[in-house]
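Since the structure comes first, as structure tokens, the remarks are kept for the end.
Convention: sequence-line order gives letters A, B, ...; per-chain numbering from 1. Basis for what follows: all heavy atoms, side chains included, without hydrogens, waters or symmetry-related copies. Computed from a predicted model, the values in this text were never measured in an experiment.
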Amino acid sequence: GAVVSQHPSWVICKSGTSVKIECRSLDFQATTMFWYRQFPKQSLMLMATSNEGSKATYEQGVEKDKFLINHASLTLSTLTVTSAHPEDSSFYICSAVGSQETQYFGPGTRLLVL
Amino acid sequence: AQSVTQLDSHVSVSEGTPVLLRCNYSSSYSPSLFWYVQHPNKGLQLLLKYTSAATLVKGINGFEAEFKKSETSFHLTKPSAHMSDAAEYFCVVPLRGGATNKLIFGTGTLLAVQP
């Protein structure tokens with residue numbers, strides 16, 4: 001139980017295009033989901049908190065107009081990287097809060113912007 | 001503010017020998033603490049968590065950690081390393097209280113297990 005999936009697992013796109021990443025809780029409902037970013041050989045940095053039915057809360061330094069988050073249902077949150085640039089290339093990881101207040105993490109999405 | 005410091009970026013052990021991954025925390029109150037493991041190209045998996053109950057916490061795959069308030073430490077140990085333990089390990093503290101709040105990750109410790 002408590003499985004979180006992400007789609008796609010990896011994506012390559014051209015600079016200037018937008019990319020949507022999905023995060024799904026497969027066997028539980030999650031009012032709260034989180035989006036993280038991980039650069040090579042570095043730790044995870046929280047980007048934003050996604051709450052079902054309300055606007056996401058962004059961490060300081062994260063551009064909300066660039067990283068659009070939508071949490072339209074209790075099992076799905078999406079992160080859209082708009083007008084992607086090479087510096088947006090990274091590993092994006094989501095988590096969903098399940099029972100006993102435990103965060104369950106997705107397998108991550110590797111984004112490469114050319 | 002809460003924070004965690006992982007003292008070693010890399011640890012290398014031989015298969016069958018003990019594992020020690022060190023973590024120190026800083027918090028203005030008694031925190032919850034977690035250890036997560038990340039295998040290559042896989043999602044983070046919760047190894048164990050401390051939530052102010054027993055100070056010695058047992059997790060999955062034979063790992064355990066001891067909360068020591070006097071030393072502000074939460075080191076992760078395993079008596080005998082297995083090749084499958086090779087991965088990156090993160091010590092984590094919630095910003096405020098439980099995991100529904102923001103998680104603050106340590107910088108990670110990469111564990112290598114030599115045959």
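Taking CG from Leu103(B) and CG from Leu44(A), the interatomic distance works out to 9.5 Å, rounded to the nearest 0.5 Å.
Contact tally against chain B (heavy-atom pairs below 4.5 Å) for Phe105(A), Trp10(A), Phe91(A): the top residue is Phe105(A).
When every heavy atom of Gln38(A) is checked against every heavy atom of Phe90(B), the shortest pair comes out as NE2-CZ, 3.7 Å.
With hydrophobic clusters built from ILVMFWY side chains whose heavy atoms lie under 4.5 angstrom apart, Val113(A) shares a cluster with Val11(A). Follow the hydrophobic side-chain contacts under 4.5 Å out from Val19(B) and you reach Met83(B) in the same cluster. Hydrophobic clustering, with ILVMFWY side chains joined whenever heavy atoms are under 4.5 angstrom apart, keeps Met47(A) apart from Tyr36(A). Using a 4.5 Å cut-off between side-chain heavy atoms of Ile, Leu, Val, Met, Phe, Trp and Tyr, with links allowed through other members, Tyr89(B) and Leu33(B) fall into the same hydrophobic cluster. Cluster membership for Ile93(A) and Phe34(B), using ILVMFWY side-chain heavy atoms within less than 4.5 angstrom, is shared.
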Worked verdict on Met45(A) versus Phe105(B) for side-chain contact (heavy atoms from CB on, under 4.5 Å): CA-CA 8 Å; Met45(A) 297 297 294; Phe105(B) 282 76; over 6 Å; no

Intermediate values then yes/no, side-chain contact (heavy atoms from CB on, under 4.5 Å), Leu44(B) and Tyr104(A): CA-CA 8 Å; Leu44(B) 286 146; Tyr104(A) 297 94; over 6 Å; no

Audit row: Lys49(B), Thr102(A), side-chain contact (heavy atoms from CB on, under 4.5 Å) steps and yes/no: CA-CA 9 Å; Lys49(B) 61 180 178 181; Thr102(A) 298; 3.0 Å; yes

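A donor-acceptor contact closer than 3.5 angstrom is absent between the side chains of Thr49(A) and Lys102(B).
One N or O on the side chain of Ser43(A) and one on the backbone of Gly106(B) form a donor-acceptor pair closer than 3.5 Å.
Surrounding NE2 of His7(A) are at most 12 heavy atoms belonging to other residues, nucleotides or ligands under 6.0 Å away.
By the ring-ring contact (aromatic ring centres under 6.0 Å, His included) test, Tyr92(A) is found to be paired with no residue, residues two or more places apart in sequence or in another chain being considered.
In this structure, chain A has a heavy atom under 4.5 Å from the side chain of Gln38(B), while its backbone stays farther away. Looking at Leu46(B), the atoms closer than 4.5 Å to chain A (heavy atoms on both sides) all sit in the side chain, from C-beta outward.
Proximity to chain B at a heavy-atom threshold of 4.5 Å picks out Glu59(A) from residues 58-88 of chain A, in numerical order.
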